[in-house]
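Computed over heavy atoms, backbone and side chain alike; hydrogens, waters and symmetry mates excluded.
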Amino acid sequence: MADPLSRQADFRPQNSGKKNQRDVPPGFTLGLALMDAVPVALFAASAIVAAGRIHSPLFLAGAVACLAAGAGKVAWKLAMALAHRDVPALSHQMRYLMPVGFLLMLVGAVTSATDTLVLLRGLASVPSLVPLVLWLVCTGLMVRFARHRDQLDARSNWVEQGVNSVGQLALLVALVLV
């Protein structure tokens, strides 16, 4: 499957070399950019709670990398909404920075196994289990969306960020209830 972000020609009108005033697909508004910031902020809060329980510099470094990737995506949507400019570096960074961040978080969790197991036991018990299951369902939907939805379609972005926000809120609630 081709990278949907590389299909910029699909939404830029053809003209004879003139600078285009609207380099963004329709529907990429300030509201959508702000909606994109909600799951990033919720992830940051969850990372703070989890890092307070998993005492690992690697876990924290990974969380910071993931947060930077999310902030970069929000900046990309802000640039499209406010400056009507597509800044590919802001969208493409996520495919590199996010996996590195999650890998560091995983290594940090494994190297702090005792802390991680205590946290996982708490998450696997009531009352944290219910929001944890909701987070897992939302995460599964996000994986499906990433594979099957057009990332340059505003409606798809609204749906994805709504599901992502619910999932990140559920994870935060689950962590706080431990």
Side-chain angles (χ1 to χ4, degrees), residues 3-8 11 22-109 112 119 131-132 134-136 138-147 149-176:
D3 177 15
L5 297 176
S6 65
R7 297 183 310 194
Q8 295 172 0
F11 63 84
R22 186 160 173 85
D23 280 341
V24 299
F28 277 70
T29 62
L30 179 59
L32 181 57
L34 295 175
M35 178 65 172
D36 217 48
V38 171
V40 174
L42 290 168
F43 174 83
S46 293
I48 290 168
V49 172
R53 297 198 174 113
I54 299 173
H55 303 97
S56 167
L58 287 174
F59 184 90
L60 183 58
V64 169
C66 289
L67 184 59
K73 186 177 177 201
V74 171
W76 172 60
K77 287 190 179 175
L78 283 171
M80 291 201 305
L82 299 176
H84 302 290
R85 309 299 306 136
D86 180 24
V87 182
L90 290 174
S91 65
H92 295 298
Q93 57 78 30
M94 206 167 155
R95 73 178 75 149
Y96 305 107
L97 195 53
M98 189 74 68
V100 168
F102 283 129
L103 180 61
L104 286 171
M105 289 175 76
L106 178 63
V107 171
S112 295
L119 179 59
L132 182 69
L134 177 59
W135 171 71
L136 290 169
C138 290
T139 300
L141 286 171
M142 291 300 297
V143 169
R144 179 162 172 70
F145 294 159
R147 291 184 178 164
R149 289 199 174 221
D150 181 1
Q151 299 300 308
L152 295 175
D153 176 61
R155 183 177 180 280
S156 289
N157 271 265
W158 279 103
V159 170
E160 289 172 26
Q161 293 317 312
V163 169
N164 197 5
S165 295
V166 169
Q168 293 301 327
L169 180 60
L171 177 60
L172 178 59
V173 168
L175 286 165
V176 168

Leu104 vs Phe59, test: side-chain contact (heavy atoms from CB on, under 4.5 Å). Steps then yes/no. CA-CA 6 Å; Leu104 286 171; Phe59 184 90; over 6 Å; no
Intermediate values then yes/no, side-chain contact (heavy atoms from CB on, under 4.5 Å), Val38 and Gln161: CA-CA 8 Å; Val38 171; Gln161 293 317 312; over 6 Å; no
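Residues Phe43 and Ala63 approach most closely at CE2-O, 3.7 Å, considering heavy atoms. Nearest approach of Pro131 to Val173, heavy atoms of both residues: CG-CG1, 4.0 Å.
Proximity of Asn157 to Lys77: side-chain heavy atoms (C-beta onward) are separated by under 4.5 Å at one or more points. Lys73 places none of its side-chain heavy atoms less than 4.5 Å from the side chain of Leu90. The shortest side-chain heavy-atom distance between Leu30 and Leu78 falls under the 4.5 Å cut-off. Counting heavy atoms from C-beta outward, Leu141 and Phe145 have side chains that approach closer than 4.5 Å.
At least one donor-acceptor pair under 3.5 Å links the side chain of Arg53 to the backbone N or O of Leu175. Formation of a donor-acceptor pair under 3.5 Å by the Gln168 side chain with backbone atoms of Ser165 is not found in this model. No donor-acceptor pair under 3.5 Å is formed between the side chain of Asp153 and the backbone N or O of Arg149. Side-chain atoms of Ser112 do not come within 3.5 Å of backbone N or O of Ala109 as any donor-acceptor pair.
Judged by distance alone, the side chains of Asp86 and Trp76 do bring a donor and an acceptor atom under 3.5 Å apart.
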